[in-house]
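Here's the structure, in structure tokens; my notes come after.
The sequence lines fix the lettering, A, B, ..., with proteins before strands; numbering per chain opens at 1.
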There are 2 protein chains.
Amino acid sequence: MAVSHPPISDLESHLGYWLRRVSNDVSASFARRLDGEGVTVAEWVVLRMLQDVGEVAPGRLAEAMRMTRGAISKLAERLVAKGLVDRLEDPADGRGQILALTAAGRAMVPGLAALADANDAAFFGCLEPAERSELERLLRKIATGMTWTACRRTSPVQPTV
Amino acid sequence: MAVSHPPISDLESHLGYWLRRVSNDVSASFARRLDGEGVTVAEWVVLRMLQDVGEVAPGRLAEAMRMTRGAISKLAERLVAKGLVDRLEDPADGRGQILALTAAGRAMVPGLAALADANDAAFFGCLEPAERSELERLLRKIATGMTWTACRRTSPVQPTV
DNA sequence: TTTCGATAGTTTCCTAGTCAACGAAAGGTA
DNA sequence: TACCTTTCGTTGACTAGGAAACTATCGAAA
């Protein structure tokens, strides 16, 4: 051919492809397990985070879950409607709110955590313990790299050259 | 307390949590890069697969991409509307269709692949080459485990006991 | 040859998230 | 004190995918 260009990379040569592929399947399976308890994956994450911290502002939750404030607002509304979360006014800031678990929400967490454990086991049970540790270390390293980069708000994520 | 139960597993102890966390960020970044070219991540995957195989039936595409036939139908419709994919009748089966790239679609693939390369580099550049290989090996192993399990259509994915 | 179950793709409704605009409250500056 | 920018959360429009029902076609069996 008259014009040459670098070979087009394979779909399967992209780590992003494999990550999405595996994550989608793991999450879809987890979503099906949770569906039986009437919560979504994102709702589970909120419940579990609230179990740890007691109460949180929606804005902080949005940061922690890397979602928009609009999404968190709707998510919180659904959890309130399900009676799993309480929405309180922030006494220190009239604009703000405080989210906390209800007794019903708190009671659900152990069972949902067991579903997460089982789902993890179903997908990662094919890995040796050392492989699991290594996968977690690599994912944390990537996540940390993203967090660190994101901390430098003055510049967007850029390709390493 | 009067009633004891096993400790509730940490959110961060679940590999599924880390996978979703990292995958969402990688995909969201990739989606933003692709947005400049007017295609979504899923559309890119279709274009790239068609580059390899030439033509494919929507049903096969649904299997390969682990999406429903309804989603593929809409996805194909969008790509046809964008002039990137042609939809032909299957001469061997009146029900079926054949999807193939248009010249415009084929021309876009190298540039989109370069965006995928750059996105991968941005997120996985913090990994040593050996770590990248290991991550890919682990993800493929998990994906293969899922594929194998999925092949046994007679039984759903179950937790390993 | 006819009938019926299976297959292929479409379409409608629903869900969940993003985006952007909005209103209310807070804080800093003139 | 007043004004303006920033912050907090909400809401409507939109997107993309899943679920389920639908239509058209195919193939096997009676």
Side-chain angles (χ1 to χ4, degrees), chain A residues 20-21 23-25 27-36 38-47 55-82 85-100 153, chain B residues 20-21 23-25 27-36 38-47 55-82 85-100 153:
Chain A
R20 191 170 55 255
R21 161 73 176 263
S23 175
N24 283 354
D25 287 350
S27 291
S29 167
F30 188 29
R32 286 193 293 275
R33 291 176 195 261
L34 288 173
D35 196 41
V39 299
T40 66
V41 174
E43 288 166 1
W44 144 249
V45 172
V46 173
L47 296 180
E55 55 183 35
V56 74
R60 298 290 79 70
L61 203 48
E63 286 175 14
M65 293 180 69
R66 309 167 87 81
M67 286 167 67
T68 64
R69 294 194 310 278
I72 293 297
S73 180
K74 299 178 196 189
L75 186 49
E77 182 56 36
R78 294 201 301 276
L79 287 168
V80 168
K82 289 173 180 175
V85 158
D86 272 335
R87 194 197 304 250
L88 314 168
E89 292 182 10
D90 184 348
D93 189 332
R95 297 169 298 180
Q97 281 188 2
I98 295 294
L99 302 174
R153 289 260 182 69
Chain B
R20 191 170 56 256
R21 158 74 176 263
S23 175
N24 283 354
D25 287 349
S27 291
S29 167
F30 188 29
R32 286 193 291 277
R33 292 175 196 261
L34 288 173
D35 196 39
V39 298
T40 66
V41 174
E43 288 166 1
W44 144 249
V45 172
V46 173
L47 296 180
E55 55 183 36
V56 73
R60 298 289 79 70
L61 204 48
E63 285 174 16
M65 292 181 68
R66 309 167 88 81
M67 285 168 69
T68 63
R69 294 195 310 279
I72 292 298
S73 179
K74 301 176 198 179
L75 186 50
E77 183 56 36
R78 293 201 301 276
L79 286 168
V80 168
K82 290 173 180 174
V85 157
D86 272 334
R87 193 199 303 251
L88 315 168
E89 291 184 9
D90 184 348
D93 190 331
R95 298 168 295 180
Q97 283 188 2
I98 296 293
L99 302 174
R153 288 262 180 67

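Between Met67(B) atom CE and dT15(D) atom P there is a gap of 16 Å when expressed in whole angstrom units. Taking atom CG of residue Asp90(B) and atom P of nucleotide dA8(C), one finds them 10 Å apart after rounding to whole Å. What separates CZ of Arg69(A) from P of dC22(C) is a distance of 15 Å, to the nearest Å. Atom pair Arg66(B):CZ and dA16(D):C1' shows a separation of 19 Å (rounding to whole Å applied). If you take CD of Glu43(A) and C1' of dG17(C), they are 13 Å apart, rounded to a whole angstrom. Rounded to an integer number of Å, the gap from Met65(B) CE to dA16(D) P is 13 Å. Atoms CG (Leu61(B)) and P (dT7(C)) sit 19 Å apart, rounded to a whole Å. Atom NZ of Lys74(A) is separated from atom C1' of dT10(D) by 9 Å (rounded to the nearest Å).
Asp93(A) comes within 4.0 angstrom of sugar-phosphate atoms only, judged by non-hydrogen atoms across all strands, and of no base. Using a 4.0 Å heavy-atom distance criterion, Gly70(B) is classed as a base contact. Within 4.0 Å of Ala76(A), counting heavy atoms only, lies no atom of the nucleic acid at all. As judged by a 4.0 angstrom heavy-atom cut-off over every strand, Ala71(B) is placed among residues touching the sugar-phosphate backbone only. The residue Gly96(A) sits close only to the backbone: its heavy atoms come under 4.0 Å of sugar-phosphate atoms, none of a base. Nucleic acid contact class of Arg87(B) (heavy atoms, under 4.0 Å, all strands): sugar-phosphate only.
Among all heavy-atom pairs drawn from Val39(A) and Glu43(A), the shortest one is CA-OE1, 3.2 Å. Across all non-hydrogen atoms, the minimal contact from Leu99(B) to Ala76(B) is CD1-CB, 4.0 Å.
DNA chain C is contacted by both Thr40(A) and Ala57(B); Ala57(B) maps to the nucleotide lying nearer its 5′ end (nearest heavy atom per residue).
OP1 or OP2 of dG17(D) has not a single side-chain nitrogen or oxygen of Thr68(B) nearer than 4.0 Å. Between Arg78(B) and dG17(D) there is a side-chain polar atom (N or O) within less than 4.0 angstrom of OP1 or OP2. OP1 or OP2 of dT10(D) has at least one side-chain nitrogen or oxygen of Ser73(A) nearer than 4.0 Å.
Remark: side-chain polar atoms of Lys82(A) are paired, donor with acceptor, to backbone N or O of Gly38(A) under 3.5 angstrom. The closest donor-acceptor contact from the side chain of Ser27(A) to the backbone of Ser23(A) lies under 3.5 Å. Judged purely by atom type and a 3.5 angstrom limit, Glu77(A) has no side-chain atom pairing as donor or acceptor with the backbone of Lys74(A).
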